[in-house]
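Just so we're on the same page: letters track the sequence lines, and every chain starts at 1.
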Amino acid sequence: MSTHVASVEHRFGPFGGQYVPETLMPALAELEQAWIEARLDPGYREQLDGLLRDYVGRSTPLYLAERLSEVAGRTIYLKREDLNHTGAHKINNALGQALLARRMGKTRIIAETGAGQHGVASATACALLGLECIVYMGEEDIRRQKPNVERMELLGARVAPVTAGARTLKEAVSEAIRDWVTNVGDTHYIIGSAVGPAPYPSIVRDLQRLIGDEARAQVLEREGRLPDRVIACVGGGSNAIGMFAGFQHDEDVALIGVEAAGEGLESGRHGAPLTVGGRPGVLHGSLSLIMQDEEGQVTEAHSVSAGLDYPGSGPEHAWLRESGRATYVAVGDHDALRAFRTVAQLEGIIPALEPSHALHYVLTEPTDSTLDVVCLSGRGDKDLAEVIAQLRELEGPDALHRRDHPGAGA
Amino acid sequence: MSTTTTNAGAERIAAAFREHGRRAALMPYLMAGFPDDATARAIGQAYADGGADLVELGVPFSDPLADGPVIHEAGTRALAAGSTVDAVLRQCEALAPRVPVVLMCYAQLVLARGADAFARQLADAGGSGLIVPDLPMEEAAALLPACEEHGIALVPLVAPTTPDERLGRIGAEARGFLYTVSVVGTTGERAALADQFGSIVARAKAATDVPVALGFGIATPEQARQAADAGADGVIVGSRLVREAGEAADPAAAVRAVVRGLADGLEH
């Protein structure tokens with residue numbers, strides 16, 4: 001909460017906008033006004049900052065990962081968003097928006113979730129603040145992320161299965177928007193990433209930029225200098241935009257977003273619209289870079305990680321890419337699975353599958369950098385069953401016992 | 001086919017609203033390519049046979065945010081059956097000689113072709129109007145002049161949530177007609193909502209000089225009559241007909257009967 005500008009961006013370069021049914025336009029205007037007032041209101045900020053400190057456990061540590069550093073041959077710090085209450089960065093945004101919804105007099109919250117982390121964060125914030133909560137989730141993701149489904153239900157939320165299309169995050173967002181169109185009077189939609197119509201991408205970035213602001217101050221304190229690179233995984237892109245926002249004006253710091261290459265960029269089965277580039281398109285209310293066929297139909301994304309399985313990304317990321325400020329790369333399913341295991345074995349940290357993509361990139365891609373900061377956006381408990389099954393399928397029954405990384409010792 | 005007659009689409013739409021011979025014009029919605037291309041074409045002809053004054057031709061899209069489950073499912077099936085924008089335009093071309101066709105297409109598909117190319121190709125296919133349900137006036141800056149140039153009426157939507165001042169601005173920009181959404185929600189059949197029609201239609205009519213057509217939720221001859229009673233110049237019926245097209249053994253015959261019933265409901 002360190003930016004105080006008088007208005008909210010609707011566009012990032014040519015990207016962004018408000019491509020929604022007319023029914024929602026007044027709600028977006030109401031939300032924008034409420035946000036402009038809330039972020040300047042000491043009462044709102046004190047309440048949010050207090051919860052972030054005492055309930056979420058912020059600030060999160062910036063951890064010097066010595067064994068990863070040794071393997072990579074340079075200094076690697078991990079921004080430990082996995083240590084937040086509920087296990088990921090998503091809680092920063094969910095709490096901020098739930099508090100905002102309550103200020104606006106909304107009693108009903110809807111949210112969408114892919115990996116389940118945003119759903120759990122929203123359900124948690126709603127339990128804390130006494131708000132009704134409905135979470136839309138694709139049936140395929142319900143299958144992949146069962147522990148998080150149970151968590152949401154225990155927290156009092158209703159998980160609404162979505163059966164359309166590939167039954168993953170894209171369809172869950174579409175269904176949540178349709179619910180919002182129908183119940184816009186008493187309902188706030190907590191969008192979980194830096195996507196959607198304006199003002200959502202700005203609100204989410206503002207609520208997540210504490211990741212980057214904290215990391216910047218922490219690395220300066222520890223190293224006396226800024227990092228050469230900051231790296232974060234990108235699905236919709238909220239942890240990345242939060243991290244990047246803290247360093248955006250430090251021109252010597254490279255910003256690198258890591259998307260899901262899935263089964264390979266050439267296969268078409270991936271979640272890497274920023275890496276691939278291509279035509280801008282409209283998905284879920286904003287113009288950004290999206291995966292689409294020649295007709296313009298939005299195509300299905302694929303990733304082993306439910307949180308990166310999304311055919312679009314936030315409009316500010318599209319602009320960071322087009323303006324050259326940030327670089328986007330992609331890492332495939334198998335490499336992410338192995339990085340998951342490597343980081344567990346080298347650091348005693350089980351990372352979520354999403355940042356495992358970024359961690360693979362940092363551990364393997366040649367670079368001149370001597371100092372990296374990586375956003376460890378969430379912890380991997382939710383992914384354990386899926387990762388173990390996939391690793392065994394990939395490498396056989398002994399997959400968990402393999403020590404094939406350079407830091408493994410004898 | 002000539003595409004450069006300015007206002008050609010708006011004039012044809014205006015004539016359809018003027019000369020329907022009933023209490024209000026009837027505009028059934030048709031999901032192009034559903035359940036398959038040939039059947040959808042037959043359904044379009046059946047609409048005209050049954051008494052449609054205009055046809056709203058929907059382009060199937062992967063993420064139709066303004067639509068409820070019936071139309072969403074129909075779009076998904078049309079895409080699975082291989083429907084394309086070009087195929088929809090050919091269907092438009094086949095139907096347009098009989099009734100004015102207003103295309104309903106999500107913003108992404110319009111922008112993917114480019115606003116100018118899309119408007120030109122729609123005009124070439126004989127289309128009269130274009131509805132883009134996720135393109136509010138703030139985002140229509142590029143499309144409006146393209147439609148004007150090619151004689152396509154860009155039809156805006158207003159909703160019950162639209163404030164008066166905004167309603168006035170949208171009404172002033174409306175071409176062809178003002179698509180007035182009767183409910184807060186997505187498309188779909190609803191049991192009872194006619195008590196709201198009066199105030200919704202009156203608000204819309206006060207905001208514009210073009211005809212006011214009421215849509216979303218209207219499914220029965222009685223509801224169509226209630227919309228006309230409320231002063232609507234046109235009535236749009238979608239999900240009821242799409243459901244019929246999906247369920248009936250002989251879709252064309254079945255929708256013809258439904259359209260005729262709706263038309264009868266609008267007789268004096």
- Message: Determine whether the aromatic ring centres of residues A/His284 and A/Tyr310 are separated by less than 6.0 angstrom.
- Response: yes

- Message: Distance alone, cut at 3.5 Å: any donor-acceptor contact between the side chains of A/Asp141 and A/Thr168?
- Response: no

- Task: Can you tell which part of B/Leu65 gets under 4.5 Å to a heavy atom of chain A, answering side chain, backbone, both or neither?
- Result: both

- Query: Between the side chains of A/His270 and A/Glu259, does any donor sit under 3.5 Å from an acceptor?
  - Reply: no

- When you look at B/His72 and A/Arg178, which way does the side-chain hydrogen bond (donor to acceptor under 3.5 Å, both in side chains) test go after all the steps? CA-CA 11 Å; B/His72 183 191; A/Arg178 279 194 283 264; 3.1 Å; yes

- Query: Among B/Pro156, B/Pro160, B/Ala159, B/Pro69, which has the most heavy-atom pairs under 4.5 Å with chain A?
  - Reply: B/Ala159

- Message: Please rank A/Leu287, A/Val20, A/Ile177 by heavy-atom pairs under 4.5 Å with chain B and give me the top one.
- Response: A/Val20

- Item | Residue selection (most heavy-atom pairs with chain B, distance under 4.5 Å) from A/Val181, A/Asp179, A/Leu24, A/Thr299 | A/Val181

- Item | Winner by heavy-atom pair count (cut-off under 4.5 Å) against chain A, out of B/Val181, B/Asp86, B/Leu135, B/Thr162 | B/Thr162

- Using a cut-off of under 4.5 Å for heavy-atom pairs, which of B/Pro60, B/Pro136, B/Pro163 has the most such pairs with chain A? B/Pro136

- Query: If you measure from the Lys or Arg side-chain nitrogens to the Asp or Glu carboxylate oxygens, is any gap between B/Asp233 and B/Lys205 under 4.0 Å?
  - Reply: yes

- Query: Who among A/Met25, A/Glu300, A/Glu295, A/Lys170 has the most heavy-atom pairs with chain B under 4.5 Å?
  - Reply: A/Glu295

- Message: Can you tell me which portion of B/Thr76 sits under 4.5 Å from chain A's heavy atoms? Options are side chain, backbone, both or neither.
- Response: neither

- Item | Distance-only side-chain donor-acceptor flag, A/Gln18 / B/Glu139, under 3.5 Å | no

- Message: Given heavy-atom pairs under 4.5 angstrom as the criterion, report whether the side chain, backbone, both or neither of A/Arg279 touches chain B.
- Response: side chain

- Query: Do B/Glu56 and B/Tyr179 have side chains that get closer than 4.5 Å, going by heavy atoms?
  - Reply: yes

- Note on the structure: So, the part of A/Glu294 with a heavy atom under 4.5 Å from chain B: the answer is neither

